[in-house]
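Numbers for residues simply follow the sequence, beginning at 1. Predicted model only: the values in this text are computed from it and were never measured.
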Amino acid sequence: MSLLSRYLTQAHKAELSKRVTPNGFQLMDAIRSGLRHPDSSVGVYAPDGQSYDVFRELFEPILESFQAHSLAHRTDLACLNPAAVISTRIRMARNLSGHVFPASMSRSERLSVEEKITKACFDLAPDFQGTVLPLQDIPPHRLDDMVSQNLAFGPEDKYMAAAGIHADWPIGRSIFNAHTQQLSVWINEEDHLRVAVVLPGARVSACYQTLCLGMSRLAAKLNFCEDAQRGYLTSCPSNVGSAMRITYRIDLGQDSSQNLLLQDLKSEGLIQIRDATGEHATLTSGLVDISFRNRVGISESHMLRDMSMLLKTA
């Protein structure tokens, strides 16, 4: 059951359907994807930042369902062999203030956001040398290769497509990849801005430091959509707050001794285990991405600490 189905009661639907955000969006704009795809885990994409207040009776319980657990006293989390960690990835999501979110953007607004972020990417140098590439200028076969390497994004996600996030594809979408391939910037994917750093091995601290350097340069040129209580506002409620996600890519074939504990933590709803080929792919091999499910209401420093708790020590 999606969170939309769980929390949108008939009484709430009748009341919320009367409301409109200052940008003119209605409840249907937020729940379109979930209605079309009942198998969605969340089923809601915010059309703008004001939706979190205008439709708060729907968004608040969803945010509460992603409230991070307190793990300070857990002693059963050390389940990953650092030698089996292929890479560490940290990404941050942001939306620009003064603009609606990708699910409801017009072509002109999408192009405007693309232009603003592209200009900001110029200031990533000299620490991150690279080039901004509009997706419409990348040959299809090359784009497919880049998507498979997680160096670009495509329009394959049916949930985002139903929400309207893939409208006018690929116009208004661009990517920046540093020549070292450590830092990447995705423009107008699920959010206006997705910045990620990938480093080999279990290197959370180094990954975070690199990401902070890139984010500080972008933040000097861009104003982000932020709420005093909720934090950074994102298209999907699961990312609200720090809008940061830390992932270990693991080869479970190197050490299967903790697989049972991993499955217990997954069943508990504490961690997510995804196939390395994508968020909605079926687990088919020993190569998986592991991260914490709940990230709302937790600081970046606590998230870093919790990820370190997953690693076994000698």
Contact check, side chains of [X] and [Y], non-hydrogen atoms, under 4.5 Å:
X	Y	result
Tyr159	Asp39	yes
Val240	Phe66	no
Arg173	Glu114	no
Met215	Met92	yes

Over all heavy atoms of both residues, which pair between [X] and [Y] is shortest? Give the atoms and the distance, please.
X	Y	answer
Leu135	Pro170	CB-CB, 4.1 Å
Ser174	Val132	CB-CG1, 3.8 Å
Arg295	Arg293	NH1-O, 3.2 Å

Path from Leu304 to Leu80 over hydrophobic side-chain contacts below 4.5 Å: yes

Plane angle bin for His192 and His99 - parallel if under 30°, tilted between 30 and 60°, otherwise perpendicular: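 Rings of His99 and His192: perpendicular, as their planes differ by over 60°.
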
Parallel, tilted or perpendicular, as decided by the 30° and 60° cut-offs, for the rings of Trp169 and Phe153: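 Aromatic pair Phe153/Trp169 classed perpendicular.
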
Cation over ring face, Arg94 and Tyr232, 6.0 Å, 45°: yes

Given Thr21, Leu233, Asn95, the one that forms side-chain contact (heavy atoms from CB on, under 4.5 Å) with Asp48: Thr21

Modelled atom types, side-chain donor and acceptor of Ser291 and Arg245, under 3.5 Å: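 The criterion, which ignores hydrogens and geometry beyond distance, is satisfied for Arg245 and Ser291.
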
Between NZ on residue Lys266 and CG on residue Asn259, distance to nearest 0.5 Å: 11.5 Å

